[in-house]
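Numbering of residues begins at 1 and proceeds along the displayed sequence. Here the structure is a predicted model, which means the values were calculated and not measured.
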Amino acid sequence: MRLRALPLVLFAVALPACHGGADDTGAPDLDGDGVEAGADCDDTDPTRFPGADEVCDDVDNDCDDAVDEAAVDARRWRHDVDGDGYGDSLETGDLACEAPVGKVDNGRDCDDRDPDVRPTADEVCDGVDNNCDGAIDGDDAVDATTWYPDADGDGYGDSGVLLTACEAPTGYVSVGGDCDDAEPAAWPGADEVCDDIDNDCDGRLDDEDPDVDRDTWRSFWPDRDGDGYGVIGGARTTGCAAPSGYAPSQDDCDDRDASVNPGAADVWYDGVDSDCDGASDYDADGDGYDADDHGGADCDDHTASVNPGAVEVWYDGVDGDCDGFGDYDADADGFEADAYGGTDCDETDPDIHPYAWEDDTDGLDNDCDGGIDALDPDPVTTLSLSDDSFRNANFSAFSFPFCGDAWTRVRISANGLLTFDYTTEDDTESAAEFAASGVAIAALWDDLYPDWGGSVSWVEYPDAVGIYYNGVFEIVDRDTPNTFAAVLLGDGRVLLKYGALGIPDGLAGWSCGTDPSATEVDLSDWDDHPVWGSAGLGQGTESAFFEVFTSADNDLDGRILMLCGTAGTDSDGDGWTDTCGDPDDTDASVVP
């Protein structure tokens, strides 16, 4: 309320002439409130006069004949529907000096329908703002839970970090005590196992903990060389950690050498299985074949796709199956495709190649010289041969370098034997005679009988001479004709080609006639697995290269053999000539 200065009555009596005891007109103002008695509703009370502030005191302070109306100290009253002593905060309320029925002088109740919701109520976890502080289920809830962060998701939280809330925050759990919240395998009550972790959070780990699960013990084996790998078959011990002198494996193939173990890098071709994998130390590419320069047959031990068991991809420049034949001779007739710089005009047919017998009736250019059938330009000389006879073939412009001489004549026997420096009509197929008698080539030496059918012919080419036995019978078999040929090439090699055969035995190969003890070889085996890099069978430095066949092992049918003979020179003395496959005839350490 508004207060006015109250006049001191005693002072006014002592000083009746001063203003305040009466106004200038002399009208009395007994209570000194500045209002003359005639206008003052109570001139004995200085707090009552017209214009005074009405206050809540059951008095008409402003002399308007109304008591406590619009009092300046009136209070605002709001409904308290739930009777909890707190009014509805949503109401504006009414001003009055006395409480209206059902109302209270505050507006702090945030839910006047619920007597349990009020500012003095305890906050509890029920989804309601019980204490009207604006927060629902806040951290001041009397039944709130303490939560701990569980970073490793093992259900146990870090007790050093906590917060209180009604609901679990993301990543928190209600159970603490985790000794390592970054390790999901460690939590109170976990089974202690061998893993270098204090699983049960008791301050002890692995073998230090008597409660360790022995089913998780590991096995260890003696490791005498200290390379971390135990010896195969050593005495085993168990525990969580390896005792001194033991290792957690038994796969060391040499426990006396620390450089030999499964973790070592293998040094190829030293004869030591350094990495203990059990694989050959001469098979660096792991294709199952040892390197050819270490007793195997793999011509490229750095490429697993190249080996004797691989499927040849023709014309890619790689000898994929290591058979020694050119990669451009897909039909294996001894001649490379003309499309790749060779002379074979048909790589799909092994019977069509240079020096092949020209069949005058098949409409094909069999010898790839451009002439078909009767138009072939090469002159054919057919010999009249009877049992055990021979004829000379004299070359007009060609010489054959063989066994140290250049031959311009060959004696062609009815029995399939070609001789150069001697004459024979023998049909014994004797290896000793063949190796010692003189320079000879056995296309297929046997007791043949041209009189019974077939033909023996020869053709001189600009750079070769071909001798052809077509449909000739063997003396004991007039039912099965034999077809084969020998081509003498200008570089000293000999091409032997076999068609259908009915010969039960015989001899094939070549000899300089100077080595009676010359060793017989298996020509068919060499045909399947020739020495890589060679130009044919043989090294060019032998004195003989032949095989005697019997009915049990005569498997020349359909084969083509390129015999290297004595072709080329061996300048570096390594036993291989340049023509027969030496990749560097100036370096004896480089051989096929």
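- Nearest heavy-atom pair, Asp316 versus Asp327, reported as atom, atom and distance to 0.1 Å: N-OD2, 2.7 Å.
- Proximity of a side-chain donor or acceptor of Trp221 to a complementary backbone N or O of Ser219 within less than 3.5 Å is not detected.
- The minimum heavy-atom distance linking Glu312 with Val318 is given by the pair OE2-O, 2.8 Å.
- At a threshold of 4.5 Å between non-hydrogen side-chain atoms, the residues Asp43 and Asp31 count as touching.
- Side-chain atoms of Glu192 do not come within 3.5 Å of backbone N or O of Asp211 as any donor-acceptor pair.
- Two residues are said to be in side-chain contact when any heavy atoms from C-beta on lie closer than 4.5 Å; Tyr246 and Asp223 fail this criterion.
- Atom CG of Asp273 sits about 5.0 Å away from atom SG of Cys253, to the nearest 0.5 Å.
- In this structure, Asp257 contributes its side chain and Ser259 its backbone to a donor-acceptor pair below 3.5 Å.
- Arg256 has its side chain out of reach of Asp225: every pair of non-hydrogen atoms, C-beta onward, lies at least 4.5 Å apart.
- Residues satisfying the side-chain hydrogen bond (donor to acceptor under 3.5 Å, both in side chains) test with Asp213, not counting sequence neighbours, are none.
- Under the 3.5 Å distance criterion, the side-chain polar atoms of Asp207 are matched with a main-chain donor or acceptor of Cys240.
- With Asp181 contributing its side chain and Ala151 its backbone, the two residues share a donor-acceptor pair below 3.5 Å.
- For Asp578 (side chain) and Asp582 (main-chain N/O), no donor-acceptor pair under 3.5 Å exists by modelled atom type.
- In this view, Asp338 satisfies the side-chain hydrogen bond (donor to acceptor under 3.5 Å, both in side chains) rule with no residue, not counting sequence neighbours.
- Annotation: side chain of Thr145 is not in contact with side chain of Glu167 (no heavy-atom distance under 4.5 Å).
- Asp116 meets the side-chain hydrogen bond (donor to acceptor under 3.5 Å, both in side chains) test with no other residue; sequence neighbours excluded.
- Legend: residues meeting ring-ring contact (aromatic ring centres under 6.0 Å, His included) with Tyr315, ordered by chain and number and at least two apart, are Tyr340.
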Report task. Would you sort out whether Trp147 and Leu163 count as a side chain to side chain contact (heavy atoms under 4.5 Å, CB included), showing the intermediate values? Result -> CA-CA 5 Å; Trp147 304 97; Leu163 58 81; 4.2 Å; yes

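- Among the candidates Val72, Asp45, Val55, the single residue satisfying the side-chain contact (heavy atoms from CB on, under 4.5 Å) test with Asn61 is Val55.
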Report all side-chain donor-acceptor pairs from residues 129-138 shorter than 3.5 Å, counting only partners two or more places apart or in another chain.
unit_1 : atom_1 : unit_2 : atom_2 : d
Asp129 : OD1    : Cys132 : N      : 3.2
Asp129 : OD1    : Asp133 : N      : 3.2
Asp129 : OD2    : Asp133 : N      : 3.4
Asp129 : OD2    : Gly134 : N      : 2.8
Asn130 : OD1    : Val124 : N      : 3.1
Asn130 : ND2    : Asp126 : OD2    : 2.9
Asn131 : OD1    : Asp133 : N      : 3.3
Asn131 : ND2    : Asp140 : OD2    : 3.1
Asp133 : OD1    : Ala135 : N      : 3.0
Asp137 : OD1    : Asp126 : N      : 3.1
Asp137 : OD1    : Gly127 : N      : 3.1
Asp137 : OD2    : Gly127 : N      : 2.8

Query - Stepwise side chain to side chain contact (heavy atoms under 4.5 Å, CB included) test for Leu205 and Asp209 - result: CA-CA 5 Å; Leu205 56 88; Asp209 193 333; over 6 Å; no

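- A distance of 7.0 Å separates CG in Asp285 from CG in Asp300, rounded to the nearest 0.5 Å.
- Between Gly230 and Ala247, the shortest heavy-atom distance links the atoms N-CB, 3.5 Å.
- Contact detail for Ala186 and Cys179: the closest heavy-atom pair is CB-SG, 4.3 Å.
- Rounding to the nearest 0.5 Å gives a distance of 11.0 Å between CD of Glu336 and CG of Asp331.
- Put simply, the side chain of Asp88 never gets that close to the backbone of Asp112: no donor and acceptor are under 3.5 Å apart.
- Contact check for Asp206 versus Asp195: side-chain heavy atoms found under the 4.5 Å cut-off.
- Counting only distance, with no hydrogens or angles, the side chain of Arg48 and the backbone of Cys63 share no donor-acceptor pair below 3.5 Å.
- Residues Arg108 and Pro119 meet the side-chain proximity criterion, which asks for heavy atoms closer than 4.5 Å.
- Distance check: Glu123 CD to Asp139 CG gives 10.0 Å after rounding to the nearest 0.5 Å.
- Looking at heavy atoms from C-beta onward, Val212 lies in side-chain contact with Trp217 at the 4.5 angstrom threshold.
- Contacts of Arg113 classified as side-chain hydrogen bond (donor to acceptor under 3.5 Å, both in side chains), with partners at least two apart in sequence or in another chain: Asp111.
- Listed here is the closest heavy atom pair of Arg204 and Asp198: O-OD1, 2.7 Å.
- Among Asp281, Asp301, Asp293, the single residue meeting the side-chain hydrogen bond (donor to acceptor under 3.5 Å, both in side chains) criterion with Tyr269 is Asp301.
- Taken from OG in Ser305 to CG in Asn307, the straight-line distance is 8.0 Å, to the nearest 0.5 Å.
- Here the NZ-CZ distance, from Lys103 to Arg78, works out to 10.0 Å after rounding to the nearest 0.5 Å.
- Pro354 and Asp344 make their closest contact through CD-CA, 4.1 Å (heavy atoms, listed as atom of the first residue, atom of the second, distance).
- No side-chain heavy atom of Asp251 sits less than 4.5 Å from a side-chain heavy atom of Cys276.
- Ring orientation note: the planes of Tyr156 and Trp187 are close to parallel, at an angle under 30° on the 30°/60° scale.
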